[in-house]
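Following: one structure in structure tokens, then a few remarks.
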Amino acid sequence: MTVAFESRYTRPVALLLADNVVRVADPGTRPAARVTDDPVVFNLMLFGRVSPVRAALTGGIRVGGPRPWLLPTFMRKVRCPK
């Protein structure tokens, strides 16, 4: 499963989860989900200071792509700081 992260402040990056290992995807890989974020809100969400629902409702995080419902599975596998 590939998830692309985009922000207007950084270059886009796609992460590939395969066999419980996360690595940077090859250029041109089509993502299953695309996350467009405001870096401040995204950082606060990753550290548990803002809920994902609030981040999405305020527009700090936008999720799209052909299979966005796979994002929760990806986020459970990726270890986030807390």
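- With respect to Met75, the side chain to side chain contact (heavy atoms under 4.5 Å, CB included) criterion is satisfied by exactly one of Leu70, Val3, Leu46: Leu46.
- At least one donor-acceptor pair under 3.5 Å links the side chain of Arg62 to the backbone N or O of Gly59.
- Distance check: Leu57 CG to Ser51 OG gives 8.0 Å after rounding to the nearest 0.5 Å.
- To the nearest 0.5 angstrom, Arg30 atom CZ is 8.0 Å from Arg67 atom CZ.
- Considering Val50, Leu44, Asn43 as possible partners of Phe47, the one that fulfils the side chain to side chain contact (heavy atoms under 4.5 Å, CB included) test is Asn43.
- Taken from CZ in Phe42 to CD1 in Ile61, the straight-line distance is 5.5 Å, to the nearest 0.5 Å.
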Item to check | Criterion side chain to side chain contact (heavy atoms under 4.5 Å, CB included) on Lys77 and Val22, from CA distance to verdict | outcome: CA-CA 9 Å; Lys77 296 289 184 181; Val22 177; 5.8 Å; no
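- Taking CZ from Arg23 and CG from Leu15, the interatomic distance works out to 10.5 Å, rounded to the nearest 0.5 Å.
- Remark: Asp38 CG to Met45 CE distance equals 11.5 Å, nearest 0.5 Å.
- Looking at every heavy atom in both residues, Ser7 comes nearest to Pro39 through OG-CG, 3.4 Å.
- In this structure, the side chain of Thr58 engages the main chain of Arg54 through a donor-acceptor pair within 3.5 Å.
- A pairwise comparison of heavy atoms in Glu6 and Pro12 identifies CG-CB, 3.9 Å as the closest pair.
- Inter-residue side-chain proximity for Val24 and Val13 is flagged as met; some heavy-atom pair is nearer than 4.5 Å.
- Summarising the geometry, atom CG belonging to Leu17 is positioned 9.0 Å from atom OG1 belonging to Thr2; distances are rounded to the nearest 0.5 Å.
- Hydrophobic cluster membership is shared by Val35 and Val78, with clusters built from Ile, Leu, Val, Met, Phe, Trp and Tyr side chains linked at under 4.5 angstrom.
- Both Trp69 and Val63 are part of a single hydrophobic cluster, where members link through side-chain heavy atoms under 4.5 Å apart.
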